Structure formats: structure tokens, C-alpha cells
2 protein chains.
Amino acid sequence: MAPYEDKPTLTEFGAFSKLYAKVNGKLAGKVNANSKVRMPLAITIRDIAKKAGVSVTTVSRVLNNKPDVSKKTREKVLQVIADMGYSPNAMARGLIWRKTLTIGLVIPDIGNPFFAEVAKGVEHRARERGYSVIFCTTDSEPQREQEAIELLCSKQVDGIIVSLSVESRSVLERLEKQRFPVVQIDRKVPGSNYSAIAVDNVASAYTATKYLIRQGHSRIAHITGDMNTKTAQDRLLGYKEALSDWGLRLEHQLIVHGDFSKGSGILCMEELLSRTPLPSAVFVGNDLMALGAMEAIGKHGLRVPDDVALVGYDNIDLAASLQLTTIMQPKFEMGQLAATTLITSIEKGEPAVGDIILDTMLIERKSSAATVL
Amino acid sequence: MAPYEDKPTLTEFGAFSKLYAKVNGKLAGKVNANSKVRMPLAITIRDIAKKAGVSVTTVSRVLNNKPDVSKKTREKVLQVIADMGYSPNAMARGLIWRKTLTIGLVIPDIGNPFFAEVAKGVEHRARERGYSVIFCTTDSEPQREQEAIELLCSKQVDGIIVSLSVESRSVLERLEKQRFPVVQIDRKVPGSNYSAIAVDNVASAYTATKYLIRQGHSRIAHITGDMNTKTAQDRLLGYKEALSDWGLRLEHQLIVHGDFSKGSGILCMEELLSRTPLPSAVFVGNDLMALGAMEAIGKHGLRVPDDVALVGYDNIDLAASLQLTTIMQPKFEMGQLAATTLITSIEKGEPAVGDIILDTMLIERKSSAATVL
DNA sequence: TTGAAAGCGCTACCAG
DNA sequence: CTGGTAGCGCTTTCAA
């Protein structure tokens, strides 16, 4: 009648764990199957102690590499642990240590290659430092962002890496008051003091737009990301500044609002294709939308870059294959850095200071080339 | 001197939690800052009880929606909980319930859009059912697969969704012995009894190859995925069977082994491009490698499909944009189904039975079109 | 060098 | 309907 919900410890139950009789007190003695005493659902430190003929304290000492254990005892205990395949219950430890060695990751969408790559960086670095990662996706909906954070807090994660919409400021403020370790990634919530790992979106959007202008374009459209994010706002800003600096008129009908998804890229591009005269170039808020834009352009029998030049943002894997000119940002490294920053902050017991702004780079490819390669 | 490592409960500390004096026994009385008594690091159920003027038992009842609490008391307690922003410590609960409402997800690479989409499906469904997801990546290295599973077990997850290399059979067997809930996704470890959510890789690879043959190709190469996975083995098998059924000779020099990564796609294609005569078509083990293959082909001044036709596998987002013919498999749905299956198994207390094989579909696009669109 | 015992925050059992 | 109390599995005093 082994209960299915047993917690695993990667061992089969040995002869040792057939029936559990409480010994340290009232209930010692034989316990039959009908007893109300709950069976231990996995091997515990007590099982190890008994088998090794030592106290739980000693086992605990071995487990935690404390001194004050004779070499002989230590080896004996280690042996039993290996034999039984015991692994300590992280929850029980967490209760005492007030540490779970787990961090939270709150991102809009793991399906977006940008965030997938960021998540990869986070997970890799976290693993190196001995932490696990619980991830939550929010589609940048403030409601879900808050729920995710509350959930992670109740799960007692040691810290959280977040990428939030601008509306989640109050949530962050509450965490700040408790001095809870948080690091922002990709987008910083305005007014929040938590440090962020990001790029200069204004400057790089400016660069992208300037580049198109220099290519001879004067009717340049922009498909924005989710305007609820600082990222999208900043990229729009950079676009506007570039136009302004080069004396180009800002045409509101050339700015359409997407949400960073490929689908929205299609829709937005469709809309732009109905404008007359047609824009000759589009700075798209991210690569995923640029993908959609390409599809829309193709569907209308037009060609990139001949009819419409395109510049994206992110340099996700497919940008190279698609010959999409784009702004490269170091996604994996951002994830790694965020994890490093957060974990250091957790372990030092003090908040990270200052933002880390990483470099971006314009990568020129066919989608915007004046001359076809 | 508020310690930074405080566990957050989304509340600022109220006047209530300035200093904590043990009351239920020995240590009652004033406790000064030098005391060895650890300060409570977050609001606990006892704080709520005290503030509401009831027992912890009653608060617990309210927390768990048990009956046997008068409406008035319940409301009072709820009010205090809301006021203090209390949220129960999931670890303490987990210790008792032997449930963490957390599941593990072990995948090779979150950076691969296929797995990112699967992960998305898992997370969405898990959230709907009240579970969180810890994810671990392994690059299909058996060592890391085992470590990931052991880690997740020690974190007491309620179950695990895995996508493993064929070598991890023994690890699964140990989990099986303990009747620990596991569901396999995408690839099934041969010999394991845990049910899997996957597609028929042999049949679909057969379909893809057959399709190329029907397009008139007779020199068809294959770039395999990581041959340590059942997925890659099966796709190779389907490829071979199709060749055989159509009386085409199997040329070993036309089979090169990649690892499902884009980089390996480039390398493998380079290798194929050195063959003479050139294969006129390549069935690539997944879209990511097909991406790489396309780049390699372009770099050599050749064109798709005129010089080399390409068929991929997965139908990731960019396949549409790249006009890549591919085998579609329902990634998001696979993730959802795996989560549903696992959680149902966890909650019913019995293993899921049988595999779920989902339908695939050949999606024809330009990369293999006989006539350019 | 060892072990007994007191909890971490919570739920479950029992008695009122 | 309510409250006291014994643990969940572990670490950490403190005493031997």
C-alpha cells in the first residue's frame, strides 16, 4: 500500500522503512496499517541516524559539512546516506534557514525568443550558483504580474528577477519596503529603485532610425511594442528624437501600436500598408513583430527591402536567417548578469546598487540594404 | 536593523512586528537586540491570531476555508489578514501536506523555440491548476538530467515533466519504484513505463521524406538531431524507411549528425555541401537546424529550393516567415496536456496510463516547392 | 566528539 | 464553534 504521493529520494525503500513506529515518546511500539500515525513518506534524517547508529544531530553535522565529527563516524554516515539514497528535505531546511535556494523569474512570455534566451541565461547562472528557478509568465498584464509576485513570495523564493509593465510600480514599492531582493531585467518600472539590467533603448532606437534615414529613407514608420512597457516607450522615444534631429516630420499615422507578438506585427504592418504614400521603411519594436511584418509584406506581393525596408530589435536567432537588420542586445548575458546580481544581493544581504546598461549594436543585413547582396 | 533577508509578504511591517517576545514558554519577556532569539522574519499565523484575538487554529481554519468558524470570526480574521498583508508560508504548509503545488520541468534547452513553446503550455496549464513550475535545462547531457531530477526531488516537487536522453532510463526506473509522478514529453525513454505526450516521429519523418521523393528528389540527405534522443533516432528511422520503401539507396555519407541546435545545422549542412554529387534535398531533424542549414546554403551562394530543397520539423514561428516546409507538431498543446496529465496523476494518486500521441501535419512552403511561388 | 531537545510556521487532532 | 498541542523534517543551541 505504498502511497503514490511519496516524496522521492531516488531510492527504493529498503527493508528499513517498512513500518514506522514512533519511538521518541508516547506512540512507541508496533503500529499496524490502520493506525492513524502517518507513515513517513520518504527516508528522513532519522532513518539515517538509526541505521548508522548515531543521533540525528550527527547526521545533520555530516550533511552540512560541519567539523566536530570524527572521521570514522562521518564516513559511516556518508555510507548509509549513499546506500539509502537519502537526500535532505529542502522544505524542512528552508523553514529553518529561511532560504530556499530558489529564485523567481517573472517575464511576459517565454514563447518570445528574447525572453527564452534571457531565461536561459538566468537558469544557467542560477544553477552554477546553486539556485533553482521558478518562472511565471504574465503577458505583461498588471494583474498577473502582481499574482505572480505574490505567489513567488508565498513560495518563499529568496529573490525575484522581474520584467514588468509600468503599472506594477506599487507592487515593487511594497517589496522595497521589506527590502526584498529584486532585480529588474530588460525593462525598468519608472520610479522603482530596484536596479535593472538593460540596454539603452532610447539610444539604440535612435541609432536604428538614424541608420534608416542615412539609407535615404524619409518616410519611416514605427511599430511599437506594448506601450505599457518602458521598453516600448523608450524605443518610440528614440525613434521620435531621430526624426526630429534630422528635421523629418513626425507623422502619427506612421506610428502603430503592437504588443511585441508576431501576430501584432502582421496586423500593424497591414495597417501601415494601407497608408498612402507607403512608408519606405519601418523600424519595428522587436524582431518577432518584424517577422510578422515580413509576412504581411510578402502577402501583399511587396518585397523587403525593395518596397519596404525593415529594421528590427533583439537579434533573435532567426534574424540572421531572415536577413533582418536589427539591434543586437546580449540576451543570454543579460539573464546571467541579472542572476548574478540578484544572488549576490541575496547573499550579501544588501540591495544591488545602480543599473547595468549593456551595449547594443546595429547589425546590418539584407532587410534594409540599399543594394541587394 | 531590519534584515535584508526578510521573507516578503507584500506588506510593510506594521507596529505589530517590532520585536518578538516568545510568550508560549520559557523565553517570554522583553527581548533586546542582542538576544539570541531569532526575530520572525515575516508575519506569521501567530501574529494574525494575536491581532485578531483568536487562536492559530482558528486562523488556520479560515486560511483553509474549513467550516466550523462563525461568520463573524471568519470575517474578523480575513480583515486582519488583509490589513497585514499576510500570506501563509508555503514551505511550512508543504512540510505538513507533503505537497508543494510545484512541479518540475526538465528540458534540454529553453532557447530552442520548440521547448520554449512547450514550456509555455506547461506553465499556463499549471497556473490554471494552481501549480508553479521550476525548470531545469540539461542540453540532453545524462549527468545534468540526473542532477536536475535529484534536485527537483529534494525540492519536494509534486511531480516532474521530463524530456530526456535515452540514457536516463535508470533514473526513471528509480522514480518508478517509488511511484513518483512523472510524465514524459516529446521523447520517451525506451523501456520506461511513464506515459508520454508526443508525436509519431517515425511516421512523420516518413511523411516528410516521402514528400520529398514525390517532389522528384532522389538524392535526399538527412541531418539528424542529437542521436542520444529517441526523437532523433525515430526521425532517422522514418527517413530510412521511406527511402527503402521507394527503392532509394541509403547513402551513409548523406546522413550527418547534428544536435538540434542551429549551430550544428550550419556545420552539418557545410558537410553535406562538400558531397558530390550534391544532395538535391535535405530532411532536417528540426527547424532550428534547418535555419542553420539555410544560412550555410546561402553562404555558399546556393539557393533554397532551387539548389537544395529543405524540409524541417517543429513548425516553430520562424518557419512560416522563412517559408520553410516543415512538420507541424502542437507544441503548446503538448505542454498543456503534459501538465494536465501530470497534475491529474498527482491528484488522483495514481500513475497516468498510456501514451498520448498527437497528430502532426506536413506544412508545405517555398523551401521545398517545385515551382517558385 | 556526541546527543537531547527546542523550535522554523503551519495543520491536524483532540478535547472542551 | 473554539483552542491547546503534537508534530512535518530539519538545524541549532546547550549540555554532557
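Just so you know, these numbers use all the heavy atoms, side chains as well, and skip hydrogens, waters and symmetry mates. The structure presented is a predicted model; accordingly, all values stated were derived computationally and were not measured. Naming: A, B, ... by sequence-line order, numbering from 1 per chain.
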Is a donor on one side and an acceptor on the other found under 3.5 Å between the side chain of B:S168 and the backbone of B:V171? no

Base, sugar-phosphate or nothing for A:T57? Non-hydrogen atoms, less than 4.0 Å. base

Take the protein atom CD1 of A:I81 and the nucleotide atom P of D:dC10, then report the distance between them rounded to whole Å. 10 Å

Using five base pairs at each end to define the local axes, how bent is the helix from C:dT1-D:dA16 to C:dG16-D:dC1, to the nearest 10°? 40°

Name every residue in residues 63-73 of chain A that has at least one heavy atom under 4.0 Å from any atom of DNA chain C, in order of residue number, or write none if there are no such residues. A:D68, A:V69, A:S70, A:T73

Kindly give the heavy-atom pair with the smallest separation between B:L172 and B:Y194, and that separation in Å. O-CE1, 3.6 Å

Using OP1 and OP2 only, check whether a side-chain N or O of B:R98 sits under 4.0 Å from D:dG9. yes

Closest heavy-atom contact between A:V189 and A:S165? CG2-O, 3.6 Å

Between D:dG3 and B:S55, is there an OP1 or OP2 to side-chain N/O distance shorter than 4.0 Å? yes

Of the candidate nucleotides C:dC10, D:dT11, D:dC8, which contains the atom at the shortest distance from the side chain of B:L95? D:dC8

Quick one: A:R46 CZ to C:dG3 C1', roughly how many Å, whole number? 15 Å

Checking all strands, does A:S60 fall into the base, sugar-phosphate, or nothing category for heavy-atom contacts under 4.0 angstrom? base

Under 4.0 angstrom between A:T58 side-chain N/O and C:dT2 OP1 or OP2: no

CD1 of A:I48 to NZ of A:K50: how many Å apart, nearest 0.5 Å? 11.5 Å

